[in-house]
Each structure stands twice: as C-alpha cells, then as structure tokens.
Asks: 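One structure coming up, written as structure tokens, with questions to follow.
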Protein chains: 2
Amino acid sequence: MPSLTICYNGLTFEQLFNYNLNMENVDLDTVNKVKPKMPDTTLLYELSDFFKLMGDSTRIQLLWALEENEMCVGELALLLNMTKSAVSHQLKTLRSAKLVKAQKRGKNVFYALSDHHVRTVLEMALEHVAE
Amino acid sequence: MPSLTICYNGLTFEQLFNYNLNMENVDLDTVNKVKPKMPDTTLLYELSDFFKLMGDSTRIQLLWALEENEMCVGELALLLNMTKSAVSHQLKTLRSAKLVKAQKRGKNVFYALSDHHVRTVLEMALEHVAE
DNA sequence: ATTATAGTTGAACAACTGTTCAACTGTCAA
DNA sequence: TTGACAGTTGAACAGTTGTTCAACTATAAT
C-alpha cells in the first residue's frame, strides 16, 4: 500500500496539530492581557526549586525536627529511623539551599535552621492541607 | 588471601555501621523530647504532596495565570508556549488535587482556581525566595 | 453527514531524585 | 599510634515524573 506523507518544515500533520498553529477559538486579548503579568524565568525557577525542596517527606521531617531543637546527624538519623548517610545527603541539600546551617563541635556536626521563615511557610501549607 | 566474614542477623559489618546500632554520642533525651512533636505519617505526606505539586514550573505558571483570569486549555497552551497535551496533563494533576476546577462551555474547557488560598501560599513563597 | 477544532488519554521515553552501599576523612580516647 | 565512632561522599540503583506522540471523543459549523 503506497502512502503519501505531506509535511511542513519537516513536521508531520500530527505534529502541526499538537503545536498551537491552528487555534481559532482562543481569546487572544485575554492571553495578551495575562502575558505581561507572568513571572520571569528566574523567579519562576526560584519558586519551583523552593517548592521542590519542600516536596520531600524526609526533608520536611528534618526541618520540622530542627525547629524544635538543633541536633546532630546521628540524633536526626535515630529520630527519623534512617541511616546517617541518607540523612547527611538530605542535610547537604538543605544546607546548599541555605535552609539549615552546620556547626562542627568535637566529633559531631550540629544542624540548625538558618532562619525561622521556614516555620511560616510550613504553617501556611498546614493551613492549606487542613482544607 | 582467605577472608573471614562475621555477620549478625545476615548483616555485614558495613551494614551494621550504616544502621544506627552503634551510637554513643547522641543525646537520647533530645531525641525523645522531639519525637512526640513530629508530624504523623498522614500529615507528613499531605504536606510533601502539596509541596511536590507546587514544585513544577509549568504548574506554577498555570496557577499564576489562572489567578489573573480563567482560561481554556488552548489559551493556556498559547500563553505558556506548550502543547495542549502537556497543558492538559498538568491541569489534570492540578484538578485531582482540587487546586483548579474545570467547566465545559461549547467546544472549550475553561479552568479556574478552586479557591484563592493558592495565592497566599505563592505570596509566602515569593517572600521567602526574595530573601 | 462530513469536516475541523478543542481537548483528553495512555504508552513510551528521557531526565531526575532519594536511598543504599562502600569507602573515605576527621576527631577523640586509650 | 592505634582503634572506634561521627559524618561525608560518589557511584549505582530503582522509582518517579514531565513531555511527546498518536489516537481518541466531543462539539460546532458547513
């Protein structure tokens, strides 16, 4: 069976359909009105990176715990029932996002919240989750 | 070279080390004091699921846009310069989390924020990101 | 009735992420 | 100086996630 394929710019019909090259029923005014209000790329990624950071149960537990008390890695591992390695990896992530700070005392490394803004964000989310 | 491996409960030394079976230098009092304050599993996952949901730049853009105006899928796709398919998939995610609601009008499906709590959470995060 | 547009869907794919594993560094005590 | 513990690290692995692709349904217009 011979088949005939017509393309535009190397794209098949399907691909042309999937891209928004054939839309009639959209209100361009609305789109153009909203467009300038959209966040710029930098802000957008800062926002989503922040939420991604909070979007892990282990990291939430760590932040939650450190809100109560500064603790060393071993204590946190015991509290969360995880290996020190796993905890250490996550603390590194939180540290590089400046959410926690580390301080070495003797053989131990004690972690604490960098600032208490985290509490506010958590409380806000709690409110939302509570419906 | 003959090697001697001694195990406990089928675990090697390495594994015993990695698990917290040999910790001396932790303050058990601290751990026991904090433990009852930790969130229960359900709340923990509700929180992290909520943050996960917000932790994607496409979804943030969708919510941000819908805060300005209700819009149909095609308009959102045009605004974000994405395929309708990709947008539809993400809207489905947001809808099943009850963050947006859909309403079919003619050939179009219009999406709007379910409640304006989202704005509060976004503003809170903006504040944090702004340092 | 036929055709075109709007949107949805599931499978496939690639990219990302969290934990484990094993080996390592640094500090204290004997 | 040796041994034990505290913590870190990078590679590997498995599980998850977002987009694409292709096919589908539904509505409107001719």
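Residue numbers start from 1 in every chain, and the chains themselves are labelled A, B, ... in the order their sequence lines are given, proteins ahead of strands.
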Asks: Report yes if a side-chain nitrogen or oxygen of B:T58 is closer than 4.0 Å to either non-bridging phosphate oxygen (OP1 or OP2) of D:dT19; otherwise report no.
Replies: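 Answer yes for this pair, as a side-chain N or O of B:T58 is under 4.0 Å from OP1 or OP2.
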Asks: Tell me: CG of B:L94 to C1' of C:dT8, nearest whole Å?
Replies: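 Those two atoms, CG and C1', are 15 Å apart.
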Asks: In whole angstrom, give the distance that lies between atom CZ of B:F110 and atom P of D:dT27.
Replies: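 Atom-to-atom, B:F110 to D:dT27, this comes out as 15 Å.
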Asks: Can you name the atoms? Protein N/O to nucleotides 9-11 of chain D N/O, anything below 3.5 Å, with the distance.
Replies:
| unit_1 | atom_1 | unit_2 | atom_2 | d |
| --- | --- | --- | --- | --- |
| D:dT9 | O4 | A:S85 | OG | 2.8 |
| D:dG10 | O6 | A:H89 | NE2 | 2.9 |

Asks: With sequence neighbours left out, what residues match B:E127 under salt bridge (charged side-chain N to carboxylate O under 4.0 Å, His left out)?
Replies: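 Residues passing salt bridge (charged side-chain N to carboxylate O under 4.0 Å, His left out) with B:E127: none at all.
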Asks: Taking CG from A:D49 and C1' from C:dT17, how many angstroms apart are they, rounded to a whole number?
Replies: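 Rounding to the nearest Å, CG of A:D49 and C1' of C:dT17 are 13 Å apart.
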Asks: Any luck finding a side-chain donor-acceptor pair between B:Q103 and B:R105 under 3.5 Å?
Replies: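 Yes - a donor-acceptor pair under 3.5 Å links their side chains.
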Asks: With respect to the side chain of B:K107, which nucleotide from C:dT8, D:dC5, C:dA6 is positioned closest?
Replies: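 In terms of side-chain proximity for B:K107, the closest of C:dT8, D:dC5, C:dA6 is C:dA6.
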Asks: Which salt bridge (Lys or Arg N to Asp or Glu O under 4.0 Å) pairs, counting each pair once, include a residue from residues 106-121 of chain B, with sequence neighbours left out?
Replies: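 Counting only pairs at least two positions apart or across chains, the salt bridge (Lys or Arg N to Asp or Glu O under 4.0 Å) contacts touching residues 106-121 of chain B are B:E67-B:R119, B:R119-B:E123.
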Asks: Would you say that B:W64 contacts A:M38 through its side chain, given a criterion of any heavy-atom pair below 4.5 Å between the two side chains?
Replies: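 Counting from C-beta outward, B:W64 and A:M38 do come under 4.5 Å.
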Asks: Mind calculating the distance between CG (B:L78) and P (C:dT5) to the nearest angstrom?
Replies: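 Computing the B:L78:CG to C:dT5:P distance gives 15 Å.
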Asks: Could you check A:K52 against B:V87 and say which one's nearest nucleotide on DNA chain C is further toward the 5' end?
Replies: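 Mapping each residue to its closest nucleotide by heavy atoms, the 5'-most match is B:V87.
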Asks: Using whole Å, report how far CE of A:M82 lies from P of C:dT17.
Replies: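 That distance rounds to 17 Å.
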Asks: Which one, D:dG18, C:dT19, D:dT8, comes nearest to the side chain of A:Q90?
Replies: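 Nearest nucleotide to the side chain: C:dT19.
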Asks: Measuring only between side-chain heavy atoms, which start at C-beta, is A:F50 closer than 4.5 Å to B:H128?
Replies: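 Counting from C-beta outward, A:F50 and B:H128 do come under 4.5 Å.
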Asks: Rounded to the nearest angstrom, tell me the gap between atom CE in B:M71 and atom C1' in C:dG7.
Replies: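 It is 16 Å, rounded to the nearest whole Å.
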Asks: For B:Y111, report the nucleic acid contact type (base, sugar-phosphate, nothing); a contact means any heavy atom under 4.0 Å.
Replies: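 Sugar-phosphate, no base atom in range.
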Asks: Have a look at A:R59 and say if it touches a base, only the backbone sugar-phosphate, or nothing, with a 4.0 Å heavy-atom cut-off.
Replies: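 Sugar-phosphate, no base atom in range.
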Asks: Calculate the interatomic distance between B:E75 atom CD and C:dT5 atom C1'; express it in whole Å.
Replies: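 Interatomic distance, CD of B:E75 to C1' of C:dT5: 14 Å.
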Asks: Tell me whether the OP1 or OP2 atom of D:dG7 has a side-chain N or O from A:N108 closer than 4.0 Å.
Replies: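 Checking D:dG7 against A:N108, a side-chain N or O does come within under 4.0 Å of OP1 or OP2.
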Asks: Within the supplied structure, the quantity of interest is the number of heavy atoms (other residues, nucleotides, ligands) at a distance under 6.0 Å from B:Y45 OH; does it exceed 12?
Replies: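 Counting other residues, nucleotides and ligands, OH of B:Y45 stays at 12 neighbours or fewer.
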Asks: Taking the side chain as C-beta and beyond, is there a heavy-atom pair between B:T42 and B:E46 under 4.5 Å?
Replies: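 Side chain of B:T42 against side chain of B:E46, heavy atoms only: contact under 4.5 Å found.
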Asks: Rounded to the nearest angstrom, tell me the gap between atom CG in A:L44 and atom C1' in D:dG18.
Replies: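 It is 15 Å, rounded to the nearest whole Å.
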